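Note that the coordinates shown come from a computational prediction; the quantities given were computed from them, not determined experimentally. All values below were derived from every heavy atom in this structure, side-chain atoms included, with hydrogens, water molecules and symmetry-related copies excluded.
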Amino acid sequence: MSEARRTIGSTERNRGSMLVLRKWRDDDHPVAMRSNSPEFMTYLGGPEAPEKVESRAAKYADGWRTGANAMFVLTSDDPLIDGGVTGDPRAVGVIGYWPVEEDGEPVLEAGWTIFVPGRGFATEGVRLVLRHAAAHSDRDSVHAYPRTDNEASNALCRRVGFELLGEVNMEYPPGNPIISRNWRYDLRQLRAALRE
């Protein structure tokens, strides 16, 4: 299958470069390993054992077949960008969403890890994922739960247009209590705009 056929969404960036969402593939284990680096796991309980990362990578790929998630590799075609992924330097992050329940209501939860900060990849990547969710899911909202001390992700939620609902006590990973902010993005208006 050509790269163009695997592309889910893209946006043109300055200097004519493109930022692209690509479906997670069975061979994206190096991307999963990069996302497990200590600098990206600070707010997620620290790096996981390699076996756990391999298992998560397989679940990401399988999610497209089962509907359990919609996980993407965020890529840039800018030749000056290197996301540090062995075998795939164009990969600049991992981003996606999966179904959950919030107070008994079926919603989506989104998460991301961006390897190249300060270039707008997170903002544009989250916008692409929200467009994908609006077009392909019947759920009306996407939630994100960054830890209260994760200033970058909380600022990102605000910048993209999520509404802050408050703070929640959570466990991540299981057994590790954290306090997170509950952000909600209403997909209904975006979905209506996409249908026009």
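- Looking at residues two or more places apart in sequence or on another chain, you find a side-chain hydrogen bond (donor to acceptor under 3.5 Å, both in side chains) between E48 and R56.
- Every residue was checked against the side-chain hydrogen bond (donor to acceptor under 3.5 Å, both in side chains) condition with T148, not counting sequence neighbours, and none meets it.
- No continuous path of ILVMFWY side-chain contacts below 4.5 Å connects I179 to Y172, so the two sit in separate hydrophobic clusters.
- In this structure, CG on L108 lies 9.5 Å from CG on L130, to the nearest 0.5 angstrom.
- Residues passing the side chain to side chain contact (heavy atoms under 4.5 Å, CB included) test with D82, sequence neighbours excluded: P89.
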ask   = What do the steps show when you test E54 against M33 for side-chain contact (heavy atoms from CB on, under 4.5 Å), and what is the final call?
value = CA-CA 8 Å; E54 293 290 327; M33 293 306 289; 4.1 Å; yes
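- D186 and R188 are joined by a salt bridge, as a carboxylate oxygen and a charged side-chain nitrogen come within less than 4.0 angstrom of each other.
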task = Let me see the working for H29 and V53 under side-chain contact (heavy atoms from CB on, under 4.5 Å), right down to the final yes or no.
result = CA-CA 8 Å; H29 295 281; V53 176; over 6 Å; no
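- Scored by the side chain to side chain contact (heavy atoms under 4.5 Å, CB included) test, E105 finds V107, S141 as partners (sequence neighbours excluded).
- Annotation: side-chain hydrogen bond (donor to acceptor under 3.5 Å, both in side chains) contacts of Y97 (sequence neighbours excluded): H132.
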message = Between R22 and D28, is the side-chain contact (heavy atoms from CB on, under 4.5 Å) condition met? List the steps.
response = CA-CA 11 Å; R22 174 179 57 72; D28 278 326; 2.9 Å; yes
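- Between the CH2 atom in W64 and the CZ atom in R25 there is a gap of 13.0 Å [rounded to 0.5 Å].
- Under the 4.5 Å side-chain heavy-atom criterion for Ile, Leu, Val, Met, Phe, Trp and Tyr, V94 and V100 are members of the same hydrophobic cluster.
- With sequence neighbours left out, R127 forms a salt bridge (Lys or Arg N to Asp or Glu O under 4.0 Å) with no residue at all.
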What pairs of donor and acceptor atoms, side-chain ones from residues 65-74 against any protein atom, are under 3.5 angstrom apart with sequence neighbours left out?
| unit_1 | atom_1 | unit_2 | atom_2 | d |
| --- | --- | --- | --- | --- |
| R65 | NE | D62 | OD1 | 3.3 |
| R65 | NH2 | D26 | OD1 | 3.3 |
| T66 | OG1 | D62 | O | 3.3 |
| T66 | OG1 | A68 | N | 3.2 |
| N69 | OD1 | M71 | N | 3.4 |
| N69 | ND2 | K59 | O | 3.2 |

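- Between N182 and E102, the shortest heavy-atom contact is ND2-OE2, 3.0 Å.
- L165 and L156 fall into different hydrophobic clusters, defined by Ile, Leu, Val, Met, Phe, Trp and Tyr side-chain heavy atoms under 4.5 Å apart, directly or through other members.
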task = Show your working on side-chain contact (heavy atoms from CB on, under 4.5 Å) between V20 and D77 and close with a plain yes or no.
result = CA-CA 8 Å; V20 175; D77 69 354; over 6 Å; no
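- Here L128 contributes atom CG and I95 contributes atom CD1; the two are 7.5 Å apart, rounded to the nearest 0.5 Å.
- Under the side chain to side chain contact (heavy atoms under 4.5 Å, CB included) criterion, L164 pairs with R181, W183, sequence neighbours left out.
- Considering all non-hydrogen atoms of both residues, T113 and S35 come closest at CG2-CB, 4.1 Å.
- For S153, the side-chain hydrogen bond (donor to acceptor under 3.5 Å, both in side chains) test picks out W112, N150, with sequence neighbours left out.
- A133 and L187 get closest at one heavy-atom pair: CB-CD1, 4.0 Å.
- For N176 (side chain) and E171 (main-chain N/O), no donor-acceptor pair under 3.5 Å exists by modelled atom type.
- R184 contributes atom CZ, which lies 13.0 Å from atom SG of C157 (distance to the nearest 0.5 angstrom).
- The ring pair (Phe, Tyr, Trp, His ring centres under 6.0 Å) test applied to W24 returns Y60, not counting sequence neighbours.
- The side chain to side chain contact (heavy atoms under 4.5 Å, CB included) search around R34 returns S37, E39, F40, V85, F115, not counting sequence neighbours.
- Residues G83 and V116 share a closest heavy-atom pair of CA-CG2, 3.9 Å.
- Remark: L19 CG to R90 CZ distance equals 10.5 Å, nearest 0.5 Å.
- No donor-acceptor contact under 3.5 angstrom links the side chains of Y145 and E167, judged on distance only.
- Pairs passing the salt bridge (Lys or Arg N to Asp or Glu O under 4.0 Å) check and including a residue from residues 132-144, sequence neighbours excluded, read D140-R191.
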